[in-house]
Amino acid sequence: MKFCVTTPIYYINGDPHIGHAYASIAADILARFKRLDGDEVHFSTGTDEHGIKVARSAETAGMDVYKFSDLMSQKFRDLGKVINLSEDDFIRTTEERHIVSSQQLWRRISDDVYMGTYSGWYSARDEEYIPEEDLSDGKAPSGAPVEWMEEESYFFRLSAYQDRLLELYEKNPDFIAPPSRRNEVISFVKSGLKDLSISRSKFDWGIPIPDAPGHVMYVWIDALANYITSLGFPENEERVAEMMANCVHVVGKEILRFHAVYWPAFLMSAGLPLPKRIFAHGWWTSEGQKMSKSIGNVVDPQKTVEKYGLDPIRYFFFREIRFGEDGDFSEKSLQRRISYDLANDLGNLVQRVLAFVQKIGGLRVNYDFIEDERPLFEDSRSLMRKLRVLMDKQDLNGVLGEVWSLISASNKFVDHMKPWELVKDDEDKLNRVLTALCESLRAIAFGVAPFMPSTADKIFDFLNVDGKSFREIEVNFTDQTFRPPFPLFPKE
RNA sequence: CGCGGGGUAGAGCAGUCCGGUAGCUCAUCAGGCUCAUAACCUGAAGGUCGUUGGUUCAAAUCCUUCCCCCGCAACCA
């Protein structure tokens, strides 16, 4: 099987924050799961670097716009290292391959493109059009005066795609997820689509439109095209086709429309295959409030990772809320998750089982399970089948729920089986119990692996398991002495 | 009357489609165990399921009134 997953490409007008980290980690988890499951995976992320805002920020910083882009893009690349991103490709929209790709896409949709006039309230000081609803007292939010301006612009005949889009949503109910978002998009499209202005001539920091001097592409096409550029468009259209059909675009809810409406329309127009799913994630507030620089509650991914460690944060994001909903990021709830879920449930389970195995001189396997041990064994062996179904729905919260119920079942199992008593008088049962527990630890490690790669690696190390493929779950353990365990999430 | 989602134990949520003893996690209280990171296990308390009226043997679930909250409502990467 092939699988493709993307993050949005991040606009380099500001520094990376926890929201970027969140989207990236979500995509990373999907990618890692599919790789462990044996799929051929393409996972792309990157930066979106064109547009007037970037040009202006560069100017403010007194930098050449190319230098500025390099600097800012690198910050996002560095964020990837901090959060242990396993991307196959980091794409920048200023790269030659992307310019070629976007221009080719432009040519492919040219039957739906025509020259028209774009008009709106323009603020000369801000050098941008201000949407009508953002005006106050006839002024831009910055207080600058605005004037009605018109310029030549290319338009995309989006209006022609209304019916085909509705048909797409109708025939593929899972094209947009979660379902509540789907309704929003459908209702938007039903309300009537207007053609899209897709070029600008007032600034030049963008991809030149073929054979149209003075015109650059507006963000819609430039940014969205990154997904096919990364897959090798236009050279390798075969790969684009087979990957796109299995592609999940992870996006923020604020850019859902571009991905769920404009992007499919462009692809239809270009005769290219549509992605499998657009998944819109929610937003995090910080300590109960919207993150904002003025409140000073913006969560810095680097600092948070330094303070709490990476894996707990990766875990928290997908345990705390259903993927797709909004959530609140508070240190208190993060600490709670670390202490209870990670240290007490997971960490302590691994420790109590493996320390015990150590104590009695190693694992002597016994797979002749009876009713007492068989349910746990079967739950362990079948865990991945359950997770696969949930993962295919991007139900990351559900996946962790399943893994934690196996953890909980294992903790109960230890209590009920009382291996510290079996060691005195029932060696056969003791071995069956510990074999079943090692099986469950291994399944748990695999379940946790996409979320917390380095934690999973520690458990794999303890168990002498390779940890490269879910197939390893089907292999019986052999008699052996494990290396001594140490607490995975030590408390102070 | 723009479209949509939601109001269920102290908190966060599931259950509502296909009516039939109201469930989960955390917090609280009590007990057990001692392998383990004072971790783990068991049990208890706690809810007029937003409001009004109705259908029904039976309503969180179906119909109705009103109140409240939150998304979306196009050029915002």
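What you are looking at is a predicted structure, and each value in this text was computed from that prediction instead of being measured. Here is how names work: the chains are called A, B, and so on, in the same order as the sequence lines, proteins then strands, and each is numbered from 1.
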Contacts table for residues 13-21 of chain A: side-chain donor-acceptor under 3.5 angstrom, sequence neighbours left out:
from, atom 1, to, atom 2, distance (Å)
A:N13, OD1, A:S57, OG, 2.6
A:D15, OD1, A:K75, NZ, 2.9
A:H17, ND1, A:G19, N, 2.9
A:H20, ND1, A:H17, N, 2.9

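- Under the 6.0 Å distance and 45° angle rule, A:R200 counts as a cation-pi partner of A:Y118.
- Following rounding to the nearest Å, A:F188 (CZ) and B:A73 (C1') show an atom-to-atom distance of 9 Å.
- By the ring-ring contact (aromatic ring centres under 6.0 Å, His included) test, A:Y161 is found to be paired with A:F156, residues two or more places apart in sequence or in another chain being considered.
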Between N or O atoms, less than 3.5 Å apart, protein on one side and nucleotides 16-18 of chain B on the other: list the pairs.
none

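- The nearest whole Å value for the distance from the CZ atom in A:F266 to the P atom in B:C75 is 15 Å.
- A:W263 has its CH2 atom 14 Å from the C1' atom of B:A77, to the nearest Å.
- In this structure, A:K202 atom NZ and B:C75 atom P are separated by 18 Å, rounded to whole Å.
- Nucleotides B:C40 and B:C33 place their C1' atoms 8 Å apart, quoted to the nearest Å.
- Pairs passing the salt bridge (charged side-chain N to carboxylate O under 4.0 Å, His left out) check and including a residue from residues 400-422 of chain A, sequence neighbours excluded, read A:R352-A:D415, A:K386-A:E402.
- Sequence neighbours left out, not one pair with a member in residues 113-122 of chain A passes salt bridge (charged side-chain N to carboxylate O under 4.0 Å, His left out).
- The base-pairing partner of B:C40, taking Watson-Crick or G-U wobble contacts with both distances under 3.5 Å, is B:G32.
- RNA chain B is contacted by A:R352, A:F356, A:K359 of residues 352-366 of chain A, taking any non-hydrogen atom closer than 4.0 Å.
- In terms of the ring-ring contact (aromatic ring centres under 6.0 Å, His included) criterion, residue partners of A:F486 (sequence neighbours excluded) are, by chain and number, A:F462.
- The aromatic rings of A:F155 and A:Y114 lie parallel to each other, their planes meeting at an angle below 30°, with 60° marking the opposite boundary.
- Contact annotation for A:D222: no contact, since no heavy-atom pair falls under 4.0 Å across all strands.
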Run A:F323 and A:F279 through ring pair (Phe, Tyr, Trp, His ring centres under 6.0 Å) and show every step you take. CA-CA 9 Å; A:F323 188 42; A:F279 192 100; 4.4 Å; yes
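- Here the P atom of nucleotide B:A14 and the CD atom of A:E325 are 7 Å apart, to the nearest Å.
- Within 4.0 Å of A:L193, counting heavy atoms only, lies at least one base atom of the nucleic acid.
- Note: A:Y22 and A:H281 have perpendicular aromatic rings, judged against thresholds of 30 and 60 degrees for the angle between ring planes.
- Of all nucleotides listed (B:A77, B:C72, B:A39), B:A39 comes nearest to the side chain of A:N344.
- We find that CG of A:L349 is positioned 11 Å from P of B:C40, with the value rounded to whole Å.
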Cut-off 3.5 Å, no hydrogens considered: what does the side-chain donor-acceptor table look like for residues 214-223 of chain A, sequence neighbours left out?
from, atom 1, to, atom 2, distance (Å)
A:W220, NE1, A:S197, O, 3.3
A:D222, OD1, A:H98, NE2, 2.9
A:D222, OD2, A:H50, ND1, 2.6

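- Proximity of residues 411-422 of chain A to RNA chain B (heavy atom under 4.0 angstrom from any strand atom) is restricted to A:N411, A:K412, A:V414, A:D415, A:H416, A:W420.
- B:C3 and B:G71 make up a base pair, with Watson-Crick or G-U wobble contacts both under 3.5 Å.
- Rounded to an integer number of Å, the gap from CE of A:M72 to P of B:A77 is 15 Å.
- In this structure, A:R257 reaches the bases: a heavy-atom distance under 4.0 Å links it to at least one base atom across the strands shown.
- Relative ring orientation between A:F266 and A:W263 is described as perpendicular, the plane-to-plane angle rising above 60° on a 0-90° scale split at 30° and 60°.
- As a whole-Å value, the separation of A:Y227 OH from B:A77 P is 14 Å.
- No side-chain donor from either of A:E151 and A:Y122 sits under 3.5 Å from a side-chain acceptor of the other.
- If A:E320 and A:G347 are placed on RNA chain B by their nearest nucleotide, the residue sitting closer to the 5' end is A:E320.
- Rounded to a whole angstrom, the distance from the P atom of B:G12 to that of B:U52 is 23 Å.
- Taking atom C1' in both B:U37 and B:G4, the straight-line distance is 48 Å, to the nearest Å.
- Among residues two or more places apart in sequence or in another chain, the salt bridge (Lys or Arg N to Asp or Glu O under 4.0 Å) test is passed with A:R97 by A:D89, A:E95.
- With contacts defined as side-chain heavy-atom distances shorter than 4.5 Å, the pair A:D341/A:R319 qualifies.
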For a quick check, with a 4.0 angstrom heavy-atom cut-off, what is the B/S/- contact string for nucleotides 25-31 of chain B, read 5' to 3'? -SS----
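- Scanning for side chain to side chain contact (heavy atoms under 4.5 Å, CB included) contacts around A:K429 gives A:I370, A:D372, A:E373, A:M417, A:L422, A:D426, A:R432, A:V433, with sequence neighbours left out.
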